[in-house]
Amino acid sequence: MSPSFIPYPYKAYSPEEMLDRSATFFSETNQRRSLREFSERDVPEELIRNVIMTASTAPSGAHKQPWTFCAVSDPVIKSAIRGAAEKEEFENYNGRMSDEWLEDLLPFATDWKKPFLEIAPWLIIVFKKAYDINLHGQKKKNYYVNESVGLACGVLLTAIHHAGLVSLTHTPSPMNFLQDILNRPENERAFLLIPVGFPAEGATVPDLSRKPETEIIQWYR
Ligand code: IYR
């Protein structure tokens, strides 16, 4: 295939605008938190569509976009997901997780119970495509699948926050039950389960702080 290039529609800002935009965006994203207490308030489908389409703007290896986002509001499916997730999490919290891991989780007061999987109006389940299957049923390679899908999830969480919604990055383990419940094809593997909605009235979050610049940036000027 011969490459085809088009002009990039670059939008320029003044240095002042750039400083202001970067600081404002930092301030906004710095307010994002993972929430475990959701309201039952509904979220219009159009909002979910917009944040998922935003996620799919992420770069990916060879632009293969190796992802599928399952958007679930069906209460029957949410209930099945909760049941299966709690079964795995019960085992995790009662023997599968190390003492060190359980201790690291103490600040979050988590346990095997996952009511948010039914209370949140939407669950977005992100699947990575280990490989693609073309129209002739042939296997086609994807590249840097974990990196690509991780990038898309980062964009997704930021878009959810920007839209005025809250989310949780939930990782029940193992997650293969999601492939079964959602009837996904063999090439798709569950990557992340993200409840999305509004915070419950009076919702709280753990009192955590983020690492300062000195701990996360090494300058090589
Ligand atoms: N998947 C479990 C345990 C858990 C693990 C990590 I790492 C967290 O940051 C939070 C929880 C659960 O969802 O409870």
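Atoms within a ligand are numbered from 1 in the order they appear, just like the ligands themselves. Here the structure is a predicted model, which is why all the values come from computation and not from measurement.
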Within a reach of under 6.0 Å around OH of Tyr144, are more than 12 heavy atoms found that belong to other residues, nucleotides or ligands?
-> no

Flag yes if more than 12 heavy atoms outside Glu201 fall under 6.0 Å of its CD atom; otherwise flag no.
->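 Atom CD in Glu201 is not crowded, with 12 or fewer foreign heavy atoms closer than 6.0 Å.
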
Region of Arg96 that comes within reach of ligand 1 [heavy atoms, distance under 4.0 Å] =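 Looking at Arg96 and ligand 1, no heavy atom falls under 4.0 Å.
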
Part of Phe108 with heavy atoms under 4.0 Å of ligand 1, whether side chain, backbone, both or neither |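 Under 4.0 Å from ligand 1, Phe108 contributes no heavy atoms.
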
May I ask you to test the [X]-[Y] pair for a side-chain heavy-atom distance under 4.5 Å?
{"X": "Leu47", "Y": "Val196", "value": "no"}
{"X": "Pro115", "Y": "Arg82", "value": "yes"}
{"X": "Phe69", "Y": "Ile194", "value": "no"}
{"X": "Leu208", "Y": "Arg33", "value": "yes"}

Show me the side-chain donor-acceptor pairs of residues 98-114 shorter than 3.5 Å, one per line, residues at least two apart or across chains.
from: Ser98; atom 1: OG; to: Trp101; atom 2: N; distance (Å): 3.1
from: Thr110; atom 1: OG1; to: Tyr93; atom 2: OH; distance (Å): 2.7
from: Asp111; atom 1: OD1; to: Lys113; atom 2: N; distance (Å): 2.9
from: Lys114; atom 1: NZ; to: Asp111; atom 2: O; distance (Å): 2.8

Candidate list Cys70, Pro185, Pro66, test side chain to side chain contact (heavy atoms under 4.5 Å, CB included), partner Phe127, passing option = Cys70

May I ask you to identify the nearest protein heavy atom to [atom], giving residue, atom name and distance to one decimal place in Å?
{"atom": "atom 7 (I) of ligand 1", "value": "Trp101 NE1, 3.7 Å"}
{"atom": "atom 3 (C) of ligand 1", "value": "Tyr93 OH, 3.4 Å"}
{"atom": "atom 10 (C) of ligand 1", "value": "Leu105 CD2, 3.5 Å"}
{"atom": "atom 2 (C) of ligand 1", "value": "Glu89 OE1, 3.0 Å"}

Atoms of ligand 1 close to [X] [distance to a heavy atom under 4.0 angstrom, numbered from 1]:
{"X": "Arg36", "value": "10 (C)"}
{"X": "Lys114", "value": "12 (C), 13 (O), 14 (O)"}
{"X": "His170", "value": "13 (O)"}

May I ask you to check if ligand 1 and Thr110 share an N or O to N or O distance below 3.5 Å?
->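 There is no such contact.
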
Less than 3.5 Å between some nitrogen or oxygen of Thr171 and one of ligand 1, yes or no?
-> yes

